[in-house]
Amino acid sequence: MRIWTWNVNSIKAHFEQVSEWLKVEKPDVVCLQEIKCETPNFPAAAFEEMGYSCAVHGQKTYNGVALLARGKIENVATGLAGDEADEQARFISATVFGNGRPVTVASLYLPNGNPAPGPKYDYKLAWMKRLKAKAQELLATEEAFVLTGDYNVIPALADMKRPEAWVNDALWLAQSRAAFQEIENLGLTEAFRALHPNEVAYSFWDYQAGAWPKNNGIRIDHALLSPQAADRLIAARIHRDARGHEKPSDHVPVEIELVD
DNA sequence: ATGCCGGGCGAAGCCCGA
């Protein structure tokens, strides 16, 4: 089972590229972030024609996450517990099936948090605590699950081209990394780094200042796997070529492959 | 680079992203 995550920076603006890539690569599950549309405006019919079921947690203008999967999608849940006032559409989870073996998959868009310090950073850290609680709840089931998406966290020095540019940034601040590490330390595996301990690879390049031609990138799109999912992990890939397309998203797809 | 690009909204210019 191949599971993709892709922050598409508006599904309306980048639908053509996304659908072309899905037709060629045929991933089994696709987690989308920043769809930037309300649920009724998501192009579900077009994805269904391509063989996918869809579960969407949309929002006007900002955020928005979705799950596509070949076969059925069950137990769809949206949002994270712990803040009744939170109206930002950043989390959707569901059960998907590969050869009959169920996997719980979540598509998440973790808050950026800049400027830090400030209310946006407080929201980011609080959101990470809520995500940790969700991970703890899922771990108690002792089943395979994958929490994947745009984490907006640079885990280590090796995950950025220009560390000096990020010293005071919410994506790199010690508290952000510590919160990410806390979730990993529950017993989750960050798939790409686990399989490629020494590889320098990025998943985001800013649109500005020639970041892409200079390869001035960061790695912030991740997949965290429960032990039962990590046991099935056989590959992790970053599709960096997607960034070179005409009119691309600023993020590229990150893929993991599990034994069916 | 407290935004250089790019998207949304909405029809100019501001908000937001990382």
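So you know, we letter chains A, B, ... as the sequences are listed, proteins then strands, and number each from 1. Please read all numbers here as calculations on a predicted model, not as lab measurements.
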Looking at every strand, decide which applies to [X] at a 4.0 Å heavy-atom threshold: base, sugar-phosphate, or nothing.
{"X": "A:Asn152", "result": "sugar-phosphate"}
{"X": "A:Asn168", "result": "nothing"}
{"X": "A:Asp221", "result": "nothing"}

[atom1] of [X] versus [atom2] of [N]: gap in Å, rounded?
{"X": "A:Asn114", "N": "B:dG3", "atom1": "CG", "atom2": "P", "answer": "12 Å"}
{"X": "A:Asn41", "N": "B:dG8", "atom1": "CG", "atom2": "C1'", "answer": "13 Å"}
{"X": "A:Phe204", "N": "B:dG17", "atom1": "CZ", "atom2": "C1'", "answer": "7 Å"}
{"X": "A:His245", "N": "B:dG6", "atom1": "NE2", "atom2": "P", "answer": "16 Å"}
{"X": "A:Tyr121", "N": "B:dG17", "atom1": "OH", "atom2": "C1'", "answer": "17 Å"}
{"X": "A:Tyr123", "N": "B:dC16", "atom1": "OH", "atom2": "P", "answer": "14 Å"}
{"X": "A:Glu16", "N": "B:dG7", "atom1": "CD", "atom2": "P", "answer": "14 Å"}
{"X": "A:Gln33", "N": "B:dG7", "atom1": "CD", "atom2": "C1'", "answer": "16 Å"}

Please work out whether the ring planes of A:His222 and A:Phe180 are parallel, tilted or perpendicular, with thresholds of 30° and 60°.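 A:His222 vs A:Phe180 ring planes: tilted.
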
Could you check whether the rings of A:Phe15 and A:Phe47 sit parallel, tilted or perpendicular, using 30° and 60° as the cut-offs?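 Ring orientation of A:Phe15 relative to A:Phe47: perpendicular.
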
Distance-only donor-acceptor check, side chains [X] and [Y], under 3.5 Å:
{"X": "A:Asn9", "Y": "A:Glu34", "value": "no"}
{"X": "A:His245", "Y": "A:Trp21", "value": "yes"}
{"X": "A:Tyr123", "Y": "A:Asp86", "value": "yes"}

What interatomic distance, in whole Å, is found between [atom1] of [M] and the corresponding atom of [N]?
{"N": "B:dG7", "M": "B:dA12", "atom1": "C1'", "value": "16 Å"}
{"N": "B:dG3", "M": "B:dC14", "atom1": "C1'", "value": "13 Å"}
{"N": "B:dC15", "M": "B:dC4", "atom1": "P", "value": "14 Å"}
{"N": "B:dG10", "M": "B:dC16", "atom1": "C1'", "value": "16 Å"}

Of the nucleotides [options], which one has an atom closest to the side chain of [X]?
{"X": "A:Ser10", "options": "B:dA1, B:dG8, B:dG6", "result": "B:dG8"}
{"X": "A:Lys120", "options": "B:dC16, B:dG7, B:dC4", "result": "B:dC16"}
{"X": "A:Gln208", "options": "B:dG8, B:dC5, B:dG17", "result": "B:dC5"}
{"X": "A:Lys60", "options": "B:dC15, B:dG17, B:dC9", "result": "B:dC9"}
{"X": "A:Tyr62", "options": "B:dG17, B:dG8, B:dC16", "result": "B:dC16"}
{"X": "A:Tyr109", "options": "B:dG17, B:dG3, B:dG8", "result": "B:dG17"}
{"X": "A:Ala209", "options": "B:dC4, B:dG8, B:dG3", "result": "B:dC4"}

Which is more 5' along DNA chain B, the nucleotide nearest A:Asp206 or the one nearest A:Pro248? Just name the residue. A:Asp206

In terms of the nearest nucleotide of DNA chain B, which residue is placed more toward the 5' end: A:Asn63 or A:Lys247? A:Lys247

Hey, which of A:Thr5, A:Asp150, A:Asp221 is the one that makes side chain to side chain donor-acceptor pair (under 3.5 Å) with A:Ser203? A:Asp221

